Amino acid sequence: MLVTGIQYPVSSISLMSTPSVIIKNLSKSYGKVEAISDISLTVDKGEIFGCIGPDGAGKTTLFRILVTLLVPDNGSASVEGYDVVSDFKKIRKIVGYMPGRFSLYQDLSVEENLKFFASSFKTTIEENYYLIEDIYKQIEPFKKRLAGKLSGGMKQKLALSCALIHKPEILFLDEPTTGVDAVSRKEFWDMLKRLKEWGITIMVSTPYMDEAALCDRVALMQDGEIMSINTPAGIINAHKKPLASVRTNNMFKLVEDLLSMNDCHSAYRFGASVHFTPKSDQLKTEVLLQNLRKLGHNDIEVAPISPEIEDCFMELMTIA
Amino acid sequence: MEDYIIRVENLTKKFGSFTANDNLSFFVRKGEVFGFLGANGAGKTTAIRILCGLLKPTSGNIEVAGYDVSRQSNKVKKNIGYMSQKFSLYEDMTIKENFRFYGGIYGMSGKAIREKTEHYLHKLGLEKEKNTVISSLPLGWKQKLAFSVAIMHDPRIIFLDEPTGGVDPITRRQFWEMIYEAAASGITVFVTTHYMDEAEYCQRVSIMVDGRIEALNTPEKLKEQFRVDSMEDVFIKLARGQQ
């Protein structure tokens, strides 16, 4: 029952409608190699859904099936209610797709590429300019330049503009930030957040674990399987093991020394510190300090912390 | 002064009217793990190609492993190793064939190649896979093998250009253990990465912006200097500040 007087944000209303993507028991093999294996998930309308995992996790195969460039071996998938096999022509009209490898016409100019994509979908740049304005105006000063002569960041902006120019209902972005520097990655995610406000559903893949936090929900993928699907906060809450950040005067020896202890489940470098998980259910800080001192460490800092997505990912990899 | 293995003084490289490297000067110590960071298009790849003797600088004095990169580029190439995410092993050859091929290129004897192949296969626990074709291996194994092949001729310096791109988080950390091991054995490591947590694993880090080195220090000192908590923030402050 709707209570009057409560303002529902656009995104929470749309959560109640039919999902944009429904995937059931999807599998695809290339010869003996099983690229994705029995994958099921749904993507709600208007959400940013992230597929997070390293190379070989099956992200690209999954995206190619959803944009109807590949036919699955088993299972079913639909996009905006259309089946990826029987209704592929309808899907192609309503999706925007940015493949992992830059695939625009290198010998056409920036403007020509955009015009080409617009005319392929029987629209014009002017008609949907409001959607790409934010992104395109950053490369518009170079609109006469050949796409092949653009820098990495500008190519990425052009590719996104071309994927958007026909006003798709859903965007598939396959590793848009791979090999991109930290600053450009941040800018790219800012652009996605603004696109979400137009109500476009976004499915995006990335090998960078820290980008998971920027999605509404994520699937953590490894070797063709989904290890977990949840909100970023949900994934972190599901991680029940205690975790501590440890620093000493000898960081180079620290991982090895922690791993040598009886009460060690895992020890991984995380930037300037090491994330340590004990085997026991509780972190015994005093014992840990003593053991580290015995092994010759000084200036020891041990602080209990809550995990990052990367901690959770590695833990899930270990149990798998 | 003797313990510097890379000496770069006033390196400038121009392509037509475009200056890719603008008067770079820096020194890398023997056995150091040196992080070479920068935004896309800042000029890192150009600088690395010059240091490897693959591209001539427009001007400057550059010595790598004691040799002048302009005049003695063949000697430079013999004393370095190189690996990147994009260029590593031949996919349609087996593990053993890759070792033999690269060993041959480095001018190693058949005996030395056999010994090194065995040594690294044993270390990686891949003895049984020696006749496996590279294309059928998981990415993590490929990267560890590519690193082993790149140091099989005992180079004095190894250049690693985004070696861990797309690799899973556990393998990424195992890869860094291999980097430390190589450094401990005296090999100097010159590495680029887009993972800012990996910048913390380097002993010193330089950050390039628009063709110039804008900062060079230990991660600790850089964070102090820019009054931030992480290398990611140092990077963002520097790269954004220039726009």
Side-chain angles (χ1 to χ4, degrees), chain A residues 31-33 52-57 59-60 100 138 150-156 175 177-187 206-210 220-223 247 251-253 255-256 259 266-275 308-318 320, chain B residues 33 37-42 44 85-86 135-143 161-162 164-174 176-177 180-181 183-184 192-201 203 207-209 219-220 223 229-243:
Chain A
K32 281 185 204 155
V33 182
I52 319 284
D55 288 1
K59 307 184 301 287
T60 298
Q138 301 175 49
L150 295 176
S151 73
M154 291 205 285
K155 276 183 181 167
Q156 194 193 32
E175 297 205 24
T177 55
T178 293
V180 173
D181 67 67
V183 172
S184 308
R185 287 209 280 138
K186 248 198 158 101
E187 284 177 357
T206 177
Y208 296 102
M209 304 282 148
D210 56 342
L220 302 186
M221 296 178 69
Q222 170 81 0
D223 292 335
R247 298 182 65 158
M251 294 304 290
F252 294 98
K253 224 173 130 259
V255 170
E256 195 186 318
L259 287 173
S266 63
Y268 294 115
R269 277 296 296 255
F270 262 79
S273 69
V274 171
H275 287 190
E308 299 169 22
I309 295 287
E310 192 155 347
D311 292 294
C312 305
F313 194 96
M314 288 197 283
E315 179 59 23
L316 290 165
M317 276 178 78
T318 325
Chain B
V33 179
L37 309 188
N40 301 110
K44 297 190 301 282
Q85 190 200 353
K86 283 162 208 131
S135 60
S136 64
L137 296 174
L139 178 75
W141 290 15
K142 280 186 203 170
Q143 295 306 83
D161 195 358
E162 288 180 44
T164 55
V167 174
D168 74 68
I170 292 182
T171 308
R172 204 151 68 78
R173 287 169 173 82
Q174 290 167 345
W176 273 90
E177 295 298 321
Y180 284 141
E181 222 176 282
T192 74
T193 180
H194 285 310
Y195 290 98
M196 288 302 124
D197 59 333
E198 294 185 348
E200 307 267 5
Y201 308 158
Q203 280 149 340
I207 299 178
M208 273 188 86
V209 181
E220 279 306 311
K223 284 182 276 182
D229 296 328
S230 68
M231 280 305 291
E232 169 143 15
D233 290 338
V234 171
F235 186 86
I236 286 173
K237 236 179 170 173
L238 267 173
R240 273 237 171 110
Q242 299 298 311
Q243 283 173 2

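Everything numeric in this text was worked out from a predicted model, so none of it was measured. Every chain is numbered from 1, with letters handed out A, B, ... down the list of sequences. When reading the values below, keep in mind they use all heavy atoms of this one structure, side chains included, and skip hydrogens, waters and symmetry mates.
- Interface remark: of the candidates Gly41(B), Gly140(B), Ala39(B), Ala39(B) forms the most heavy-atom pairs closer than 4.5 Å to chain A.
- Of the atoms belonging to Phe270(A), heavy atoms from both backbone and side chain fall under 4.5 Å from chain B.
- Here the side chain of Thr192(B) pairs a donor or acceptor atom with the backbone of Glu162(B) at under 3.5 angstrom.
- Within the 4.5 angstrom heavy-atom criterion, no atom of Pro219(B) approaches chain A.
- Residue Ser184(A) touches chain B through its side chain alone, counting heavy-atom pairs closer than 4.5 Å.
- Between the Lys142(B) side chain and the Ser136(B) main chain, no donor and acceptor come within less than 3.5 Å of each other.
- For a residue to count as touching a neighbouring chain, one of its non-hydrogen atoms must lie under 4.5 Å from one of that chain's; by this rule Asp223(A) does not touch chain B.
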Self-check item: From CA spacing to verdict: side chain to side chain donor-acceptor pair (under 3.5 Å), Glu198(B), Thr164(B)
Solution: CA-CA 10 Å; Glu198(B) 294 185 348; Thr164(B) 55; 3.0 Å; yes
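- Remark: the backbone N or O of Asp233(B) is paired with a side-chain donor or acceptor of Ser230(B) at under 3.5 angstrom.
- In summary, Glu200(B) and Lys223(B) engage in a salt bridge, as defined by a charged side-chain N under 4.0 Å from a carboxylate O.
- With a threshold of 4.5 angstrom between heavy atoms, Gln143(B) does not approach chain A through any atom at all.
- Using a 4.5 Å cut-off between heavy atoms, Glu256(A) does not touch chain B at all.
- A salt bridge is defined here as a Lys NZ or Arg NE, NH1 or NH2 lying under 4.0 Å from an Asp or Glu carboxylate O, and Glu310(A) with Arg173(B) meets this definition.
- In this structure, the side chain of Asn40(B) engages the main chain of Gly179(A) through a donor-acceptor pair within 3.5 Å.
- Interface remark: Val33(A) contributes no atoms to any contact with chain B (heavy atom separation under 4.5 Å).
- Heavy atoms closer than 4.5 Å to chain B are found in both the backbone and the side chain of Met314(A).
- In this structure, chain A has heavy atoms under 4.5 Å from both the backbone and the side chain of Tyr201(B).
- Looking only at heavy-atom pairs under 4.5 Å with chain A, the residue among Ile170(B), Leu139(B), Leu37(B) that has the most is Ile170(B).
- A distance of 9.5 Å separates CZ in Arg269(A) from CG in Asp197(B), rounded to the nearest 0.5 Å.
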